[in-house]
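Data block below; observations after.
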Amino acid sequence: MLNFLPGSVLFVLSTVLLIVNTILWSSLVCLGGLFKLLLPWRPWQISVTRLMNTFMWGWATWNGGILHLIAKVEWDVEGLEHLRKDGWYLLISNHLSGFDIAAQTYIFRNNIPMLKFFLKKELLYVPLMGLGCWALDMPFMNRTSPEKLKKNPKLKGKDLATTRRSCEKFKYLPTSIINYVEGSRFTEAKRRRQNSPYRHLLKPKAGGIAFTLSAMGEQFDALLNVTVVYPDAPTDILNAVMHGKVHKIVIRVEALPVPQVDAEQYFSEPEYRVAFQRWLNQIWEAKDQQIDNLLTQHQQNTAACNDQLLS
């Protein structure tokens with residue numbers, strides 16, 4: 001434990017260690033990706049993908065080790081008890097920081113299949129990262145904008161077909177996909193600009209999750225509603241983590257039934273979309289209250305501890 005060191009030293013140390021950790025495991029993943037390119041036979045590709053997922057597990061585990069090295073962090077996690085490594089899950093989560101991915105992959109790594117993310121197709125061509133994500137079977141999407149659809153209505157439904165093809169591989173290995181439905185990391189400025197009705201969240205966007213459910217909803221065993229809170233962190237959470245200033249991370253996981261989404265209805269009937277958005281808004285209202293309760297509880301516990309120290 002090195003949290004006795006000055007914050008600036010911890011920042012440099014954590015930066016170096018995280019970069020080395022990422023380069024090490026991503027290089028191994030990319031090497032596996034080359035094998036998949038050279039060995040297109042599906043059983044071999046499945047075996048290589050299993051190995052790639054193990055490498056991602058190693059990356060997540062070492063991230064947790066680095067965090068333990070630079071800070072004394074209390075993990076307050078509930079809701080992992082009935083999850084399975086051989087299940088299929090769709091996760092929705094609030095999004096506070098670039099650190100969320102590291103925290104969530106670390107916490108979930110022994111309970112569900114390694115997390116996958118839907119990525120923009122342009123990222124496929126990013127050196128190292130593109131091949132690594134392809135090797136991990138993360139789907140690359142080429143979303144058709146509303147402007148393009150107006151100009152060429154024939155493109156309607158093409159994105160859904162692309163999603164279905166991308167997700168075909170998920171039939172062969174248990175998979176977890178995470179969707180940050182707010183579409184952006186939370187800041188108070190964004191909340192005010194959005195005129196969000198929530199105290200601690202941005203407005204959720206239903207399109208992405210509906211898109212995923214309509215493409216492969218029948219494969220999921222459960223929808224995991226994930227809430228992340230850093231009760232003692234300042235506004236810049238990632239920077240605070242790397243300076244060793246985050247001492248508690250709270251994660252709550254709620255397993256929900258998987259809603260069935262009819263693609264044709266969702267994309268053609270406004271009433272259907274409104275009903276689905278209302279369902280998601282209700283989840284977000286409960287999440288907002290949950291976050292408020294967790295923050296209030298932390299403040300009360302902190303005040304009680306301070307009173308004990310002064311008495």
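Listed for the Ser214 side chain is no donor-acceptor partner under 3.5 Å among the backbone atoms of Val261. At least one donor-acceptor pair under 3.5 Å links the side chain of Asp221 to the backbone N or O of Trp88. At least one donor-acceptor pair closer than 3.5 Å links the side chain of Gln194 to the backbone N or O of Lys203. A distance-only check finds no donor-acceptor pair linking the side chain of Lys72 to the backbone of Gly244 [under 3.5 Å]. Looking at Arg273, its side chain does come within 3.5 Å of a backbone N or O of Tyr266 through a donor-acceptor pair. Of the possible donor and acceptor atoms, none in the side chain of Tyr230 sits under 3.5 Å from a partner among the backbone N and O of Leu238.
By the side-chain contact (heavy atoms from CB on, under 4.5 Å) test, Trp44 is found to be paired with Leu39, Trp41, residues two or more places apart in sequence or in another chain being considered. Judged as a salt bridge (charged side-chain N to carboxylate O under 4.0 Å, His left out), and not counting sequence neighbours, Glu269 has no contacts. A search for side-chain contact (heavy atoms from CB on, under 4.5 Å) contacts involving Pro231 returns Val229, Lys248, Val250, Leu295, His298, not counting sequence neighbours. In this structure Lys85 satisfies the side-chain contact (heavy atoms from CB on, under 4.5 Å) test with no other residue, sequence neighbours excluded. Applying the salt bridge (charged side-chain N to carboxylate O under 4.0 Å, His left out) test to Asp262 and every residue at least two apart in sequence or in another chain returns nothing. Not counting sequence neighbours, the partners of Asp288 by the salt bridge (charged side-chain N to carboxylate O under 4.0 Å, His left out) test are Arg199. Scored by the salt bridge (charged side-chain N to carboxylate O under 4.0 Å, His left out) test, Lys36 finds Asp137 as partners (sequence neighbours excluded).
Legend: salt bridge (charged side-chain N to carboxylate O under 4.0 Å, His left out) pairs involving residues 54-65, not counting sequence neighbours: none detected. Applying the ring pair (Phe, Tyr, Trp, His ring centres under 6.0 Å) definition to pairs two or more places apart or across chains, those involving residues 90-114 are Trp75-Tyr106, His95-Tyr180. The list of salt bridge (charged side-chain N to carboxylate O under 4.0 Å, His left out) pairs with a residue in residues 47-65, not counting sequence neighbours, is empty.
Using a 4.5 Å cut-off between side-chain heavy atoms of Ile, Leu, Val, Met, Phe, Trp and Tyr, with links allowed through other members, Val16 and Leu24 fall into different hydrophobic clusters. The hydrophobic clustering, which links ILVMFWY residues whose side-chain heavy atoms are closer than 4.5 Å, places Trp25 and Val20 apart. In this structure, Leu51 is a member of the same hydrophobic cluster as Met114, with clusters built from ILVMFWY side-chain heavy atoms closer than 4.5 Å. Following chains of ILVMFWY side-chain contacts shorter than 4.5 Å, one can reach Phe11 starting from Val9, so the two form part of one hydrophobic cluster. Hydrophobic clustering, with ILVMFWY side chains joined whenever heavy atoms are under 4.5 angstrom apart, groups Phe220 together with Trp279.
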Self-check item: side-chain contact (heavy atoms from CB on, under 4.5 Å) assessment of Ile23 paired with Ser27
Solution: CA-CA 6 Å; Ile23 291 176; Ser27 297; 4.0 Å; yes
Quiz prompt | side-chain contact (heavy atoms from CB on, under 4.5 Å) assessment of Leu91 paired with Ile112 | solution = CA-CA 11 Å; Leu91 291 76; Ile112 63 176; 4.1 Å; yes
Quiz prompt | Full working for side-chain contact (heavy atoms from CB on, under 4.5 Å) between Thr187 and Thr235 | solution = CA-CA 8 Å; Thr187 67; Thr235 304; 5.9 Å; no
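Minimum heavy-atom separation, Ser14 to Ile70: CB-CD1, 3.6 Å.
Inter-residue side-chain proximity for Ile283 and Leu256 is flagged as met; some heavy-atom pair is nearer than 4.5 Å. No side-chain heavy atom of Ile107 sits less than 4.5 Å from a side-chain heavy atom of Ile249. Annotation: side chain of Val253 is not in contact with side chain of Asn111 (no heavy-atom distance under 4.5 Å). Using a 4.5 Å cut-off on side-chain heavy atoms (C-beta onward), Leu136 and Phe55 make no contact. For the pair Val29/Met56, no side-chain contact is recorded, criterion being any heavy-atom separation below 4.5 Å from C-beta on. Within the 4.5 Å cutoff, the side chain of Ser93 has no heavy atoms near those of the Glu182 side chain.
Other members of the cluster containing Leu173 are Ile46, Tyr172, with ILVMFWY side chains joined at under 4.5 Å, either directly or via other members.
In this structure, Leu280 CG and Lys205 NZ are separated by 12.0 Å, a value rounded to the nearest 0.5 Å. In this structure, Thr212 OG1 and Gln219 CD are separated by 11.5 Å, a value rounded to the nearest 0.5 Å. To the nearest 0.5 Å, atom CD of residue Gln104 and atom CD1 of residue Ile178 are 4.0 Å apart. Here Met52 contributes atom CE and Gln45 contributes atom CD; the two are 11.5 Å apart, rounded to the nearest 0.5 Å.
Across Thr227, Asp76, Asn225, a single residue satisfies side-chain hydrogen bond (donor to acceptor under 3.5 Å, both in side chains) together with Arg252, and that is Asp76.
Looking at Asp292 and Tyr198, their side chains never bring a donor and an acceptor atom within 3.5 Å of each other. For Lys116 and Asn53, the side-chain atoms include at least one donor-acceptor pair closer than 3.5 Å. Between the side chains of Gln289 and Asn293, a donor-acceptor pair is found at a separation under 3.5 Å. Checked by atom type, the side-chain pair Trp284/Asn94 shows no donor-acceptor distance below 3.5 Å.
No more than 12 heavy-atom neighbours from other residues, nucleotides or ligands sit within 6.0 angstrom of CZ on Arg185. For Phe35, the CZ atom is loosely surrounded, since the number of other residues' heavy atoms within 6.0 Å does not exceed 12. Lys245 NZ: 12 or fewer foreign heavy atoms inside a 6.0 Å radius.
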For residues 62-69, which side-chain donor-acceptor pairs fall under 3.5 Å, sequence neighbours excluded?
residue	atom	partner	partner atom	Å
Asn63	OD1	Asn21	ND2	2.9
Asn63	ND2	Trp59	O	3.4

